[in-house]
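Okay, structure first, notes after.
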Number of protein chains: 2
Amino acid sequence: MSAELGGEPGKAGPAGESAVDAVVQQIRNLIASSKLKVGDHLPTERDLCAQFNASRNTVREAMRILKAYGLVDVRPKIGATITDNRMTRAFELFSFNTMEISRKTFSDVQAFRSLIEVGSADLFFDRLRQEDLDDLSEINASLAENHDLNEASEIDFAFHVRLVSILDNHAVLDVYAVMKPVILRIMQKGKTRRTFMTETFSEHQDVVDALAARDRLAFQYRLRSHLMIGFRFFSEEMEESA
Amino acid sequence: MSAELGGEPGKAGPAGESAVDAVVQQIRNLIASSKLKVGDHLPTERDLCAQFNASRNTVREAMRILKAYGLVDVRPKIGATITDNRMTRAFELFSFNTMEISRKTFSDVQAFRSLIEVGSADLFFDRLRQEDLDDLSEINASLAENHDLNEASEIDFAFHVRLVSILDNHAVLDVYAVMKPVILRIMQKGKTRRTFMTETFSEHQDVVDALAARDRLAFQYRLRSHLMIGFRFFSEEMEESA
DNA sequence: TAGGACTTTCTTGGTCCAACAAATAAGAAC
DNA sequence: GTTCTTATTTGTTGGACCAAGAAAGTCCTA
């Protein structure tokens with residue numbers, strides 16, 4: 001039953017594919033061919049070992065990949081069950097905030113926010129109420145006070161969340177929640193405490209004024225400018241090769 | 001979910017964090033504190049074992065997670081290098097088309113599309129040009145011809161891509177490209193060739209007509225209905241298995 | 001006897017260890 | 001400069017043990 005030590009791999013798949021990748025593929029096939037649905041159970045790790053003739057560590061690494069992709073949910077003693085959290089995972093990719101914000105990430109995220117915030121202008125004016133304006137002004141007023149960078153960016157973020165909350169769309173708020181870490185980093189880039197207290201505060205106030213005046217063009221122009229103003233802090237970076 | 005990814009999930013998860021999650025977090029901290037950039041090398045697996053007091057398997061499983069998220073690229077003998085392939089990984093996420101589309105994925109994806117397509121109505125009318133209408137009509141006309149399911153869904157998808165292309169936002173087009181495999185599956189769910197030729201064609205035509213008439217309310221209502229009409233094909237799913 | 005509470009056993013994922021294979025960068029030998 | 005050797009590092013394997021929880025068995029009481 002055990003693999004032949006030092007022997008020919010034999011049934012190994014196409015050259016160049018790792019054993020872990022092969023197991024991932026085989027589990028995918030298993031899911032597809034067995035027509036497993038969300039909530040169904042996968043065989044135990046040890047069963048999969050026997051079924052795919054792989055060691056348990058290999059199966060476990062494959063399972064980690066599937067788990068990272070949001071396709072299975074594995075709990076001790078319970079085993080692996082099929083799930084489908086791909087959409088959540090996709091957004092979480094942008095919440096992974098270990099390294100310096102890259103120019104590309106800045107561009108992607110801000111373009112997306114621009115789509116939401118600037119692109120929904122007409123919805124804003126449809127739903128806008130006085131209390132929205134009051135809240136925005138109050139939050140922004142706090143920005144003018146003396147905070148450290150982290151606090152200031154949190155307030156900046158809260159301002160934008162309050163803004164999009166006018167849209168009353170939970171999906172949007174969810175997206176903002178998962179992207180919060182990246183957005184915070186973007187907000188801090190190139191700024192000081194004073195920048196928040198002066199420039200950012202002023203830009204926000206201009207946006208609120210445009211909202212209050214129901215001046216859609218001004219609202220869109222000012223908000224778009226506000227979102228893109230940090231672009232100057234990101235220098236071109238070389239394309240690394242694999 | 002994603003105990004290893006969420007920075008501060010805030011959820012009442014089990015107090016005990018797994019060793020693998022801990023190592024993932026420590027590697028993240030290492031990247032952040034060392035200010036590692038794309039292309040830089042991580043310490044070897046064995047170094048990380050010593051550094052974090054973890055076994056090699058634990059470190060390897062942690063590395064698999066980081067690799068799955070497109071944050072590191074590890075090659076034999078070379079070691080792990082920092083990368084940023086999050087977009088690519090997102091694409092692979094949605095290429096995992098092994099299982100039946102779940103109700104949750106349908107709901108997530110269509111709600112998101114609704115946000116983009118319905119929520120940007122006012123931008124559509126701002127930018128709309130005659131050639132946009134002509135292209136949309138032409139694409140939709142093709143849908144009325146006799147195609148197989150795959151071809152029909154491709155045309156359906158092309159229609160919506162052409163629609164959002166009016167927004168002239170590359171980020172949105174990128175998102176649609178990434179989600180294409182899932183969107184195609186959603187479009188095919190519960191449909192036949194004839195459904196595409198009749199119902200889908202008709203719904204599209206109604207949307208185009210509303211665009212041409214610059215009737216924003218009709219545009220939003222019809223488009224939203226069109227996106228959500230497939231919902232009836234997804235039944236509630238239960239949690240446990242047989 | 002029936003039924004519930006307690007105990008034991010077994011299953012299963014989580015972690016660790018030790019070894020070897022394979023790939024390849026780096027140095028040695030020519 | 002080319003080729004060979006060596007050393008290092010990831011890839012894979014099999015085995016071991018633990019902790020948590022489910023399942024099964026046991027025992028006590030009404």
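Here the structure is a predicted model, which is why all the values come from computation and not from measurement.
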| note | Comparing B:N57 with B:A80, nearest DNA chain D nucleotide closer to 5' gives the residue B:A80
| 5' priority, DNA chain D, between A:R46 and A:K77 [closest heavy atom] |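 Whichever sits nearer the 5' end wins; that is A:R46.
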Tell me: [atom1] of [X] to [atom2] of [N], nearest whole Å?
X     : N      : atom1 : atom2 : value
A:D47 : C:dT12 : CG    : P     : 7 Å
B:E45 : C:dC17 : CD    : P     : 14 Å
A:R56 : D:dG11 : CZ    : C1'   : 18 Å
A:M63 : C:dG14 : CE    : C1'   : 13 Å
A:I65 : D:dG11 : CD1   : C1'   : 13 Å
A:H41 : C:dT11 : NE2   : P     : 18 Å
B:L48 : C:dC16 : CG    : P     : 14 Å

| query | NA contact type, A:R75, heavy-atom cut-off 4.0 Å: base, sugar-phosphate, or nothing? | reply | sugar-phosphate
| Between B:S34 (side chain) and B:L36 (backbone), is there a donor-acceptor pair under 3.5 Å? | no
Proximal nucleotide (of [options]) relative to the [X] side chain:
X     : options                : value
A:T44 : D:dT12, C:dT12, C:dG14 : C:dT12
B:I78 : C:dA19, C:dA25, C:dC16 : C:dA25
A:R60 : D:dT12, C:dT15, D:dT9  : C:dT15
A:E61 : D:dT12, D:dG11, C:dT15 : D:dT12

| Toward the 5' end of DNA chain C, by each residue's nearest nucleotide, A:G79 or B:A54 |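 The residue mapped nearer the 5' terminus is A:G79.
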| request: Kindly say if A:R64 contacts the phosphate of C:dT15, meaning a side-chain N or O under 4.0 Å from OP1 or OP2. | output: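 Indeed, a polar side-chain atom of A:R64 lies that close.
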| query | Are side-chain N/O atoms of B:D156 and B:S153 paired as donor and acceptor at under 3.5 Å? | reply |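 Looking only at side-chain atoms, B:S153 and B:D156 do not form any donor-acceptor pair under 3.5 Å.
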| Does any donor atom in the side chain of A:H160 or A:R113 lie under 3.5 Å from an acceptor atom in the other side chain? | yes
| task | Would you check if B:V109 and B:I186 make a side-chain contact, meaning some heavy-atom pair closer than 4.5 Å? | result | yes
| request: Check A:H147 against A:S142 and note the closest heavy-atom contact, atom names and distance. | output: NE2-O, 2.9 Å
